[in-house]
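Take a look at the structure set out below.
Throughout, protein chains are lettered first and strands after them, A, B, ... in sequence-line order, and every chain is numbered starting at 1. No experiment lies behind these values; they were computed from the predicted model shown.
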Number of protein chains: 2
Amino acid sequence: MADANSHTQASPLFLREAEIRRGVELLYFGYANMVRGADGVLATRGLGRAHHRAMYFIARRPGLPVSDLLRLLAITKQSLSRVLGDLQTMQLVAVAVGARDRRQRLLTLTTEGAALEAALFEELRRGMAAAYTAAGQGSVTGFWAVLAGLIPQADRPLVEALQAGL
Amino acid sequence: MADANSHTQASPLFLREAEIRRGVELLYFGYANMVRGADGVLATRGLGRAHHRAMYFIARRPGLPVSDLLRLLAITKQSLSRVLGDLQTMQLVAVAVGARDRRQRLLTLTTEGAALEAALFEELRRGMAAAYTAAGQGSVTGFWAVLAGLIPQADRPLVEALQAGL
DNA sequence: CGAAGTAGGTCAACATGGCTGACGCAAATT
DNA sequence: AATTTGCGTCAGCCATGTTGACCTACTTCG
């Protein structure tokens, strides 16, 4: 890590191709390894990564309307409906009619769904906590800052809303 | 692990669930947005993300044997062979018989393949460079450190070999 | 040398999770 | 009253992953 700072003066080199590629590759492998951890748990239930993503966001924002989940996942409603159908059939997700807007379907995890999500999250937590610890707290801020910079302006409110009021 | 936390007063909170979830989410959205950038270029050629990943690593390590590419992508050879077949048919990738080991097929990009990879890389570069700039150089080191920590020990040499001798 | 292991290719069948397009309905908005 | 919005659904297609079986060519090792 002292090595990574070895170009102390040279700003012109800051955006060199090698540094971009390093970021691309670490992001690729880091993401792949993070999600791989949960696959084992998912397999025991016959679920896939798409189910995990949906459950994750529902856990994060109980009462989430379908339209919000669609925006977060950035997939079509046809794709989501298959996943959501599975989760409802398996009694992992429950829907409620919106109070303010009765057209909305508000999504929540059932008790069983919450338990499964917790088990899945534990897999993510294990890897992420180890990475935070190995890198040190100072690194975590930088990690967040660069990743936030990858998200287009237009999408940031979506992500921030997810993380608001923790 | 107590040691890594010991330099702040809020140590017990360092690995709080909210901070883990923030990392998970930023990693998810950051990765998704990075790769989305190249989709437009890929679509003009009728290619998918799997083709991009293969071309990326071949560009990164010209003369890469198939077995190494398989390890990097972590997919089966049957899956890869479809992708590689497409790329060879489209004259984007060329194969050569290994000199030391004649069983090996060493992969390289053709001139046309290299041009396409450059265009795809430019899409990645744009987003990553903007994120590096917005976050600042200090953040980039932390970004790398945390991501590296997500990669299991066993896989690190693979990634480091990719980045060696830049 | 001969046996065993390795690098790679191939056929076939199947699963997952995206997509488009076309409809329909109930509820909210104007 | 007309329009828009939120959601669901049928039907079919595509990209990309999987398993398992089987094959050749080449290298390595006893």
Side-chain angles (χ1 to χ4, degrees), chain A residues 28 31-32 35-36 38-58 63-90 93-108, chain B residues 28 31-32 35-36 38-58 63-90 93-108:
Chain A
Y28 170 71
Y31 178 76
V35 299
R36 243 189 282 289
D39 286 350
V41 177
L42 289 166
T44 67
R45 304 294 208 106
L47 296 172
R49 290 179 180 180
H51 300 97
H52 185 189
R53 285 193 289 273
M55 291 186 71
Y56 180 94
F57 288 120
I58 296 170
L64 191 74
V66 171
S67 59
D68 285 14
L69 184 52
L70 280 173
R71 250 173 269 128
L72 286 166
L73 295 172
I75 59 174
T76 60
K77 66 176 174 178
Q78 292 91 331
S79 295
L80 179 58
S81 89
R82 253 189 318 218
V83 169
L84 237 32
D86 291 346
L87 294 174
Q88 284 169 245
T89 301
M90 296 176 80
V93 163
V95 288
V97 171
R100 294 184 302 279
D101 185 336
R102 292 166 39 80
R103 289 170 306 179
Q104 290 186 327
R105 298 292 171 258
L106 308 181
L107 304 165
T108 52
Chain B
Y28 169 71
Y31 178 77
V35 300
R36 244 190 280 290
D39 287 350
V41 177
L42 288 166
T44 68
R45 303 294 209 105
L47 297 172
R49 289 178 182 181
H51 300 96
H52 186 189
R53 285 193 289 273
M55 291 186 71
Y56 180 94
F57 288 121
I58 297 170
L64 191 75
V66 171
S67 58
D68 285 13
L69 185 52
L70 280 173
R71 250 172 269 127
L72 287 166
L73 295 172
I75 59 175
T76 59
K77 66 177 174 178
Q78 293 90 330
S79 294
L80 179 58
S81 89
R82 250 188 321 217
V83 168
L84 238 33
D86 291 345
L87 293 174
Q88 284 169 244
T89 300
M90 296 176 80
V93 162
V95 287
V97 170
R100 295 183 301 279
D101 186 337
R102 291 166 40 78
R103 289 171 304 180
Q104 291 187 324
R105 298 293 172 259
L106 309 182
L107 303 165
T108 52

What is the distance from [atom1] of [X] to [atom2] of [N], rounded to the nearest Å?
X      : N      : atom1 : atom2 : answer
A:L69  : D:dC7  : CG    : C1'   : 13 Å
B:Q88  : C:dG9  : CD    : C1'   : 11 Å
A:L70  : D:dG6  : CG    : P     : 11 Å
B:L84  : D:dA15 : CG    : P     : 17 Å
A:L80  : C:dT20 : CG    : C1'   : 17 Å
B:R100 : C:dT6  : CZ    : C1'   : 15 Å
A:L87  : D:dG8  : CG    : C1'   : 16 Å
A:D86  : C:dG17 : CG    : P     : 9 Å

[X] versus [Y], closest heavy-atom pair with distance:
X     : Y      : result
A:V97 : A:R102 : CG1-O, 3.4 Å
B:R49 : B:D39  : NH2-OD2, 2.6 Å
A:L64 : A:F57  : CD2-O, 4.1 Å

OP1 or OP2 of [N] versus the side-chain N and O atoms of [X]: is any pair under 4.0 Å?
X      : N      : result
B:S79  : D:dT18 : yes
A:T76  : C:dT20 : no
B:S67  : C:dG8  : yes
B:R103 : C:dG8  : no
A:H51  : C:dT16 : no

Under-3.5 Å donor-acceptor pair between [X] side chain and [N] base:
X     : N      : answer
B:Q78 : D:dG20 : yes
B:K77 : C:dG9  : yes
A:R82 : C:dG18 : yes

Whichever of A:V83 and B:Q104 has its nearest DNA chain C nucleotide further upstream toward 5': B:Q104
For A:R102 and for A:G46, locate the closest nucleotide of DNA chain C by heavy-atom distance; then report the residue assigned to the nucleotide nearer the 5' terminus. A:G46
Nearest listed nucleotide, side chain of A:A50, among D:dC7, C:dG17, C:dA28: C:dG17
Would you say that B:V95 contacts B:Q88 through its side chain, given a criterion of any heavy-atom pair below 4.5 Å between the two side chains? yes
When we call it a touch if two heavy atoms are under 4.0 Å apart, what does A:R49 touch: a base, just sugar-phosphate, or nothing? sugar-phosphate
Please work out whether the ring planes of B:Y31 and A:Y31 are parallel, tilted or perpendicular, with thresholds of 30° and 60°. parallel
Map B:D101 and A:P65 onto DNA chain D by nearest heavy atom, then report which one ends up closer to the 5' terminus. A:P65
Keeping B:S79 on the side-chain end and B:I75 on the backbone end, is there a donor-acceptor pair under 3.5 Å? no
